[in-house]
A.B. asks: 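Just passing along the structure, written as structure tokens.
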Amino acid sequence: TLPTISIFAKRLKQARETRGLSQRELGDHIGLGKQVGSTRINRYEQQKARCDMDTAAQIAEELGVPLAFLFAESDTLAEMILAFSKLTKTDQGKLLAELKKKAASKSSK
């Protein structure tokens, strides 16, 4: 698997571009200011700096993605996290029950 810093960099850039924000805009929106924010977001995306968890949570909130998305190890898992987060709590519960049932039947074989 990829190092965590690489996974975070990839997902951050993906989510930021999906939202149509520049590095400068994202940095400013999370309270770092335009200049410092631009540099900081660039350093995260270029894997030159590690993001602390509080900042990662702020970034996730600003980008409208679950924090877990920024650390998803595979593209499939990342897409599942995004899709799951868009469901109602009721639908999340139903889907989770189905997944657990499916996983249990696979492990018992």
Side-chain angles (χ1 to χ4, degrees):
T1 59
L2 289 172
T4 307
I5 193 169
S6 299
I7 293 166
F8 182 83
K10 176 182 177 179
R11 301 280 173 235
L12 169 58
K13 185 174 183 180
Q14 177 186 358
R16 181 182 58 75
E17 289 178 345
T18 298
R19 282 293 306 272
L21 292 174
S22 68
Q23 293 173 340
R24 180 179 302 262
E25 290 168 326
L26 176 57
D28 191 40
H29 289 199
I30 64 166
L32 298 174
K34 288 186 167 79
Q35 196 57 46
V36 171
S38 176
T39 302
R40 183 88 51 88
I41 300 300
N42 181 269
R43 291 179 59 76
Y44 295 153
E45 289 184 5
Q46 297 302 315
Q47 303 174 41
K48 290 181 168 60
R50 289 188 179 268
C51 185
D52 67 83
M53 291 303 293
D54 290 336
T55 303
Q58 280 185 290
I59 289 170
E61 185 175 333
E62 182 61 36
L63 295 175
V65 297
L67 181 59
F69 170 82
L70 295 175
F71 296 96
E73 294 173 338
S74 72
D75 292 342
T76 302
L77 181 57
E79 291 302 315
M80 287 182 69
I81 290 168
L82 282 179
F84 190 82
S85 73
K86 292 176 182 171
L87 298 174
T88 65
K89 294 290 181 201
T90 301
D91 286 342
Q92 286 179 354
K94 290 176 185 174
L95 182 56
L96 182 57
E98 287 179 41
L99 285 171
K100 284 181 174 180
K101 192 186 321 182
K102 190 169 190 89
S105 72
K106 293 285 184 190
S107 65
S108 64
K109 289 183 181 179

A.B. asks: Working to the nearest 0.5 Å, report the span between OG1 of Thr4 and CZ of Arg50.
C.D. replies: 6.5 Å
A.B. asks: Not counting sequence neighbours, which residues clear salt bridge (Lys or Arg N to Asp or Glu O under 4.0 Å) with Glu62? List them please.
C.D. replies: none
A.B. asks: Transitively linked via ILVMFWY side-chain contacts under 4.5 Å: Leu12 with Leu82?
C.D. replies: yes
A.B. asks: Linking I/L/V/M/F/W/Y whenever their side-chain heavy atoms sit closer than 4.5 Å, directly or via other members, would Ile5 and Met53 fall into one cluster?
C.D. replies: no
A.B. asks: Assigning hydrophobic clusters by single linkage (Ile, Leu, Val, Met, Phe, Trp, Tyr; side-chain heavy-atom cutoff under 4.5 Å), is Leu63 placed with Leu77?
C.D. replies: yes
A.B. asks: Under the rule for ring pair (Phe, Tyr, Trp, His ring centres under 6.0 Å), what residues qualify as partners of Phe71, not counting sequence neighbours?
C.D. replies: Phe8
A.B. asks: Between the side chain of Glu73 and the main-chain N/O of Ile7, is any donor-acceptor distance below 3.5 Å?
C.D. replies: no
A.B. asks: Should Glu45 and Lys10 count as side-chain neighbours, where that means a heavy-atom distance under 4.5 Å?
C.D. replies: no
A.B. asks: Mind checking whether Leu21 and Ile59 sit in one hydrophobic cluster, side chains of I, L, V, M, F, W, Y counted as touching below 4.5 Å?
C.D. replies: yes
A.B. asks: Do the side chains of Ile81 and Leu67 join up, straight or via other hydrophobic residues, at under 4.5 Å, putting them in one cluster?
C.D. replies: yes
A.B. asks: Keeping Ser38 on the side-chain end and Gln35 on the backbone end, is there a donor-acceptor pair under 3.5 Å?
C.D. replies: no
A.B. asks: If you draw a 6.0 Å radius around CD in Gln47, do more than 12 non-hydrogen atoms from other residues or ligands fall strictly inside?
C.D. replies: yes
A.B. asks: How long is the gap from CG on Leu99 to CD on Gln92, to the nearest 0.5 Å?
C.D. replies: 11.5 Å
A.B. asks: Go through it in stages, so that I can follow the logic: the residues are Lys100 and Leu96, the test is side chain to side chain contact (heavy atoms under 4.5 Å, CB included), and I'd like the CA-CA distance, side-chain angles, deciding distance and then a yes or no.
C.D. replies: CA-CA 6 Å; Lys100 284 181 174 180; Leu96 182 57; 4.0 Å; yes
A.B. asks: Can you tell if the side chain of Leu26 reaches within under 4.5 Å of the side chain of Leu32, non-hydrogen atoms only?
C.D. replies: no
A.B. asks: Nearest 0.5 Å please: distance from the OG atom of Ser22 over to the NZ atom of Lys34.
C.D. replies: 9.0 Å
A.B. asks: If you round to the nearest 0.5 Å, how far is CG of Asn42 from NZ of Lys48?
C.D. replies: 7.5 Å
A.B. asks: Rounded to the nearest 0.5 Å, what separation is found between the CD atom of Gln46 and the CD atom of Gln23?
C.D. replies: 7.0 Å
A.B. asks: For Arg16, is the CZ atom crowded, meaning more than 12 foreign heavy atoms sit under 6.0 Å from it?
C.D. replies: yes
A.B. asks: Between Arg11 (side chain only) and Ala72 (backbone N and O only), is there a donor and an acceptor less than 3.5 Å apart?
C.D. replies: yes
